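Along the sequence shown, residues carry numbers from 1. Every number for a ligand or one of its atoms is a count from 1 in the order of the listing. The model shown is predicted, which means the values in this text are computed figures rather than measured ones.
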Amino acid sequence: MARCRLCRPGERRKPAEIYLPAHRLPLCREHFLYWFERHLERTIRSFRMFTREERILVAVSGGKDSLVLWQALTSLGYPADGVFIDLGIEENTFSLLSQRAAEAMARRLGRPLHLLSLRKELGFGIPELRRKTRKICSLCGAVKRQYLNRAAKRLGYEVLVTGHHLDDEASSLLGNLLQWNLKYLAHKYPVLPAERGFVRKAKPLCRHSGKEIQLYAEIRKLPFLPEGCPLAEEARRPFYAQMMEELEEKTPGTKLRFYLDYLRKAYPLLAAHKEEFMDRELLTCENCGEPAVSSPCLLCRLQEEFRARS
Ligand code: AMP
Ligand code: FES
Ligand code: ZN
Ligand code: ZN
């Protein structure tokens, strides 16, 4: 059996329990945790995402990705606080259990968690929006993005981080590349600076696969909610994610290379022209003053619509 590559050569190397095909690395459990956190630290530094002196806010959904991110950042000594948005999904089950997972994690880390509620603050939850559209995930995503941006600024944080990981990033890159969606591609980078009313955003897990994250969550016994959102459409990440996995199985390391080469070789070319790819210019919402592609912005429009109904 292969031996852990990181156990010290002088000592008896432990048998590897974990093999990371993309990195050709056999590891014991302790060294997997060590590797995972170092890999994260390298990502944060090489993309200049943030420093230990900055105020960092983790968007915590209660799922494994964001809990892993919060745990690993804290273990590395980054002083990160959490924010959870109650989306009002099946009150007594999904949103409540997600909140409990986020709260359990905050207690475990001894870090503050801000609790926000869409219904309390804006007068509607995601189920109400479901009645308006069949593509609830993209509308929900847009609402969450705008709401999190507002919240991070209001709460005084310098950077907002989310649990998006390599599988998310590589499969959405593939999907958008197949459609030559230049507007999207020109904005696809793991850290986006604070500008024009947007807080700085970062995706520190962008070089970690879903499997690595799952393993970290299990070994550290994190209190994550395993179930996904009950409203998510079947074909949420249709076959791009599957295609990516098939490529990865045939040639391990493809997913990471595909994503990193894009960032290194293609992104700078597209980003230099990003204004030209926008189909709508960025405005300021006349109602709330936030950046938006329309005025009033999405949140103000929805808020008004639900206020008028009640
Ligand atoms: P998703 O779009 O559900 O895959 O979520 C992507 C990322 O958004 C998660 O890893 C979290 O960082 C963040 N996020 C999703 N849902 C919530 C929520 N209810 N509250 C706070 N952050 C969230
Ligand atoms: Fe957004 Fe389920 S979390 S639709
Ligand atoms: Zn080891
Ligand atoms: Zn607005």
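- Cys297 contributes SG and Cys300 contributes SG; the angle these two atoms make at the Zn ion (ligand 4) is 110°, rounded to 10°.
- Under the salt bridge (charged side-chain N to carboxylate O under 4.0 Å, His left out) test applied with Arg200, the options Glu195, Glu54, Glu158 reduce to a single match, Glu54.
- Taking the charged nitrogens against the carboxylate oxygens, Lys255 and Asp167 do have a contact shorter than 4.0 Å, which makes a salt bridge.
- Salt bridge absent: Lys64 and Glu218 never bring a charged side-chain N and a carboxylate O closer than 4.0 Å.
- At least one N/O/S atom of Cys229, whether from backbone or side chain, sits less than 2.8 Å from atom 2 (Fe) of ligand 2.
- Evaluated for a ring-ring contact (aromatic ring centres under 6.0 Å, His included) with Tyr267, the options Tyr189, Tyr184, Tyr259, Phe47 yield exactly one hit, Tyr189.
- Scanning the protein heavy atoms around atom 1 (Fe) of ligand 2, the nearest turns out to be Cys140 SG, 2.2 Å.
- Atoms SG of Cys288 and SG of Cys285, as seen from the Zn ion (ligand 4), are separated by an angle of 100°, to the nearest 10°.
- Heavy-atom distances between Lys144 and ligand 2 reach below 4.0 Å in at least one pair.
- Under the 6.0 Å cut-off for aromatic ring centres, His39 and Tyr216 do not qualify, their centroids lying 6.0 Å or more apart.
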